[in-house]
Amino acid sequence: EYRRVGESHLRKANVRLLTASNVTFDERVAGGHFRTDLVYRLNTAEKVITALKGTREERAILVRDPNRLVSTAVLGSPRLTEAEIESFAGMKSLSDEMLRQIGSHREWTKRYGVVSNLVKNPRSPLPIALNLVPRLNPRDLKSISVDRNVPEVIRKHALKFVRGAPGGPGGGGGGGSPGPVPGAVS
């Protein structure tokens, strides 16, 4: 219903509005046409719905929400992509609980980028990061062993793999016979 300027009676209209844009969300924010703080004005129920059904940009904002219900809803979104999980794993502003959930999800830790970002993230819980270190390639192990942003425990663990690396992670030089047995007759 609407009222024309100067008229006293209401008029009814049956209208559908369809819109499209050739400008990305990031461009709108950079141009000052969209305020990201509007997402924070939503109540918890609206945030959860937005986390489940919203856009990639809205999920990137809501995954850092202090309310665990909202941030957990982001990780449960059916629209969540593997690339988003990879970027979440590298976020230094993400809570350790969210990083723990990402690190405990088997499907997500199959991606090398997720594993690498979790180990390199200083906010990752130590047990999660320590379990993922052996899965890194030698080049990443070497860079982590000297990276001051990574916790010392992780650096030392990576250094063990770098020093014992003749046959790859775990050392040993290959899977052949263990060599001559002392005292054995040949």
Side-chain angles (χ1 to χ4, degrees), residues 1-4 10-133 135-137 139-140 143-144 147 149-151 154:
E1 295 183 343
Y2 67 96
R3 181 177 298 150
R4 286 185 178 174
L10 290 174
R11 295 176 180 249
K12 292 187 178 186
N14 186 5
V15 177
R16 274 190 197 173
L17 182 62
L18 179 66
T19 63
S21 176
N22 62 348
V23 182
T24 66
F25 178 78
D26 295 332
E27 290 171 356
R28 300 285 292 168
V29 170
H33 301 293
F34 184 85
R35 294 179 21 209
T36 56
D37 64 321
L38 295 178
V39 174
Y40 295 108
R41 293 184 185 187
L42 302 174
N43 64 33
T44 302
E46 292 168 335
K47 285 181 182 180
V48 169
I49 290 169
T50 304
L52 292 170
K53 297 181 177 181
T55 64
R56 177 177 54 90
E57 291 84 6
E58 291 167 334
R59 285 191 295 275
I61 293 168
L62 291 173
V63 76
R64 295 182 297 239
D65 196 90
N67 188 335
R68 284 175 59 192
L69 197 64
V70 175
S71 53
T72 304
V74 170
L75 295 182
S77 173
R79 296 182 177 182
L80 192 64
T81 64
E82 291 178 350
E84 286 177 273
I85 293 295
E86 199 171 310
S87 71
F88 294 164
M91 284 184 179
K92 293 175 180 37
S93 60
L94 207 59
S95 73
D96 60 337
E97 179 60 34
M98 292 297 101
L99 292 169
R100 181 176 283 110
Q101 284 186 23
I102 292 170
S104 300
H105 198 284
R106 269 192 119 117
E107 224 20 67
W108 295 337
T109 55
K110 287 180 182 177
R111 284 182 63 102
Y112 185 81
V114 172
V115 171
S116 175
N117 284 346
L118 282 172
V119 172
K120 291 175 185 176
N121 192 336
R123 297 279 310 255
S124 288
L126 286 176
I128 297 288
L130 283 171
N131 285 335
L132 297 174
V133 168
R135 295 177 49 191
L136 296 176
N137 65 37
R139 188 187 70 198
D140 284 342
S143 71
I144 286 171
D147 187 352
N149 293 324
V150 176
I154 306 291

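Predicted, not measured: the structure shown is a model, and the values here were computed from it.
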Side-chain contact, heavy-atom cut-off 4.5 Å: K47 with N67?
->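 A side-chain contact is absent here, since even the closest heavy-atom pair is not under 4.5 Å.
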Please tabulate, for side-chain N and O atoms in residues 94-103, each donor-acceptor pair with protein atoms closer than 3.5 Å (sequence neighbours left out).
| residue | atom | partner | partner atom | Å |
| --- | --- | --- | --- | --- |
| S95 | OG | M98 | N | 3.3 |

If you take all heavy atoms of [X] and [Y], which pair is closest and at what distance?
X    : Y    : result
R64  : S93  : CD-OG, 3.0 Å
L75  : L80  : O-CD2, 3.6 Å
A129 : V119 : O-CG2, 3.8 Å
L136 : S116 : CD2-CA, 3.8 Å

Could you tell me which residues satisfy side chain to side chain contact (heavy atoms under 4.5 Å, CB included) with [X], sequence neighbours excluded, listed by chain and number?
X    : value
D147 : N149, V150
I49  : K53
A45  : N43
T50  : L42, E58, L62

Output the distance between atom [atom1] ([X]) and atom [atom2] ([Y]), rounded to the nearest 0.5 Å.
X    : Y    : atom1 : atom2 : value
L132 : L118 : CG    : CG    : 6.0 Å
M91  : N121 : CE    : CG    : 10.5 Å
N137 : R135 : CG    : CZ    : 12.5 Å
I61  : R56  : CD1   : CZ    : 11.0 Å
R59  : S71  : CZ    : OG    : 14.5 Å

Qualifying residues under side-chain hydrogen bond (donor to acceptor under 3.5 Å, both in side chains), relative to [X], sequence neighbours excluded:
X    : value
N117 : none
R111 : E82, E86
R11  : E7
T81  : E84

Does any pair with a residue in residues 81-105 pass ring-ring contact (aromatic ring centres under 6.0 Å, His included), and if so which ones, sequence neighbours excluded?
->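 Pairs touching residues 81-105 that pass the test: H105-W108.
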